2 protein chains.
Amino acid sequence: MARAGLTADRLTQAAADLADEVGFENVTVSALARHFGVKDASLYSHIRNAQDLRVRLAVLALAELAERVAESIAGRSGRDALVAFANAYRAYAREHPGRYSATQMALDPDVAAESAAGKHSEMTRALLRGYDLWEPDQTDAVRLLHSTFHGFVSLERSGAFHSHPRGVEASWLRALDALDSVLRAWPA
Amino acid sequence: MARAGLTADRLTQAAADLADEVGFENVTVSALARHFGVKDASLYSHIRNAQDLRVRLAVLALAELAERVAESIAGRSGRDALVAFANAYRAYAREHPGRYSATQMALDPDVAAESAAGKHSEMTRALLRGYDLWEPDQTDAVRLLHSTFHGFVSLERSGAFHSHPRGVEASWLRALDALDSVLRAWPA
DNA sequence: TAATTTGCCTAGGACCTCTAGGTAACCCTA
DNA sequence: TAGGGTTACCTAGAGGTCCTAGGCAAATTA
């Protein structure tokens, strides 16, 4: 009887791939066990329970997304950085729908603190350096940007924009224009 | 043996209340049956399956939300209408978290067409009358507003804003200010 | 090689989903 | 008001997911 060589990390990785294939809400302990050709009870020595698996998945996705965004804004500032950040964020959500859904889980405050969730606002603050914003405006701006990015991506995925022929891409660019001008005019 | 007097509508209403209590993802056919003191199999003469129940709940919530928003913008225009719309939207999400989650379900295109989902953009268009926008800018603006409202509310609910002491209320008002100035300056 | 740890197993309980088929309450019409 | 039809709810049961307890065998360490 060869062992499958399971670890919490390998399970989390596989769960992430599974999420992108079948949707975050369909990531199940049983399905994951099937994928490794193993009984579902065997997974419980690596993960506490199904919720624990989902939290690990969320933490993984948050880290990946932060990585992608950080890379995208390196060496850019102002409008360039804003557009790069936004496009990296949206691209990740499109390429990894299941992982992206996972990032929207409500995490325990301590888990969230450990995770890369905080890195997002740090990076948003980094991109704001090209604009002329200080506290508390900076925090307001971080929240506005995050809200708009997430809201757009989320509605796009739920099909809310399909009712109108106007290209989604054009609306996205227009939204970024709007945000750029808001940030430039913010101090006013 | 007295009958419980079930109908699809009563089930949907109860499911909506249940969603607000225990969360949308925990709305289950069994729990609903327990609530009516009835066996779960009995519900299947009124609803096709669990997914059907969730879709009905989503349609109900979309209609309620549209109602609230419509009421809020009646007799207002421009900035007043924008703020009223946004606050009504956010208030609904806070008062009815389970119902609000339901509105984010991806619906079949034909179901979505039947539902009040389309009314949201109609009303957003109505509120834009106070600004000077024409197609395709109007559609872009509708999408931006919807994205920002949903994004903010969604992140607020998932606890993404708790990491910073700056009041969420202040950031919300600032976001509305930003949207108002974007809309006024849009033609530029 | 022996002792310990670890990985995966079987068994089984609790809960949820859904189908098939039966019985009893209700409604209508004569 | 008695019969007939319709509908509401039932029991029974199969299949899936979650999770615990306890066992055996493979891997690791002494």
Side-chain angles (χ1 to χ4, degrees), chain A residues 1-60 97-99 101-102 105-108 111, chain B residues 1-60 97-99 101-102 105-108 111:
Chain A
M1 303 264 188
R3 295 189 180 186
L6 304 183
T7 65
D9 282 350
R10 286 194 64 199
L11 287 177
T12 308
Q13 277 288 343
D17 294 341
L18 186 59
D20 286 337
E21 280 169 37
V22 303
F24 180 61
E25 67 283 359
N26 295 321
V27 171
T28 163
V29 175
S30 310
L32 201 53
R34 269 195 299 278
H35 174 262
F36 283 103
V38 150
K39 299 295 171 183
D40 49 358
S42 305
L43 302 196
Y44 289 89
S45 18
H46 304 283
I47 55 169
R48 266 204 303 283
N49 50 40
Q51 182 64 8
D52 178 46
L53 177 66
R54 288 183 204 109
V55 169
R56 285 169 189 271
L57 207 175
V59 170
L60 169 73
R99 283 169 159 92
S101 294
M105 269 191 68
L107 297 178
D108 284 336
V111 175
Chain B
M1 304 262 187
R3 296 192 182 185
L6 303 183
T7 64
D9 282 349
R10 286 195 65 199
L11 287 177
T12 307
Q13 276 288 344
D17 294 340
L18 186 60
D20 286 338
E21 280 170 37
V22 302
F24 179 60
E25 66 283 359
N26 296 320
V27 171
T28 163
V29 176
S30 310
L32 201 56
R34 267 195 302 278
H35 175 263
F36 283 103
V38 150
K39 298 296 171 182
D40 48 358
S42 305
L43 303 196
Y44 289 90
S45 19
H46 303 282
I47 55 169
R48 264 204 305 284
N49 50 38
Q51 182 62 10
D52 178 45
L53 177 66
R54 290 185 202 108
V55 169
R56 284 169 190 270
L57 206 175
V59 170
L60 169 72
R99 284 167 158 93
S101 294
M105 268 192 68
L107 297 178
D108 284 337
V111 175

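Because the structure is predicted, anything quoted here is derived from the model rather than measured.
Rounding to whole angstrom units, NZ of residue Lys39(A) and P of dG16(D) are separated by 12 Å. Rounded to whole Å, the distance from CD on Gln51(A) to P on dC18(D) is 12 Å. The interatomic distance linking Tyr44(A) (OH) with dC19(D) (P) rounds to 4 Å, in whole Å. If you take CD1 of Ile47(A) and P of dC19(D), they are 8 Å apart, rounded to a whole angstrom. Arg48(B) has its CZ atom 15 Å from the C1' atom of dT17(C), to the nearest Å. The interatomic distance linking Asn49(A) (CG) with dT17(D) (C1') rounds to 13 Å, in whole Å. If you take CG of Leu6(B) and P of dC26(C), they are 14 Å apart, rounded to a whole angstrom. The distance from atom CZ of Phe36(B) to atom P of dC9(D) is 10 Å, rounded to the nearest whole Å.
Remark: Val59(A) pairs with Val55(A), Val111(A), Ser115(A) by the side chain to side chain contact (heavy atoms under 4.5 Å, CB included) rule, at least two apart or across chains. Shown here are the salt bridge (charged side-chain N to carboxylate O under 4.0 Å, His left out) partners of Asp9(A), two or more places apart in sequence or in another chain: there are none. Considering only residues two or more places apart in sequence or on other chains, Asp17(B) meets the side chain to side chain donor-acceptor pair (under 3.5 Å) condition with Arg99(B). Arg56(B) meets the salt bridge (charged side-chain N to carboxylate O under 4.0 Å, His left out) test with Asp52(B); sequence neighbours excluded.
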Show the atom names and distances, to 0.1 Å, of all donor-acceptor pairs under 3.5 Å that link a side chain in residues 23-42 of chain B to residues at least two apart or in another chain.
unit_1: Asn26(B); atom_1: ND2; unit_2: Val22(B); atom_2: O; d: 2.8
unit_1: Thr28(B); atom_1: OG1; unit_2: Ser30(B); atom_2: N; d: 3.3
unit_1: Ser42(B); atom_1: OG; unit_2: Lys39(B); atom_2: O; d: 3.2

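Rounded to the nearest 0.5 angstrom, Leu57(A) CG and Gln13(A) CD are separated by 9.0 Å. Atom NE2 in His46(B) sits 6.0 Å away from atom CG in Leu11(B) (nearest 0.5 Å).
Residues from residues 20-34 of chain B placing a heavy atom under 4.0 Å of any atom in DNA chain C, listed by number, are Thr28(B), Val29(B), Ser30(B), Arg34(B).
A sub-4.0 Å separation between OP1 or OP2 of dC8(C) and a side-chain N or O of His46(A) is present. OP1 or OP2 of dC9(C) sits under 4.0 Å from a side-chain N or O of Ser42(A).
The side chain of Ala41(A) approaches dT20(D) more closely than any other nucleotide in the set dC10(D), dC18(D), dT20(D).
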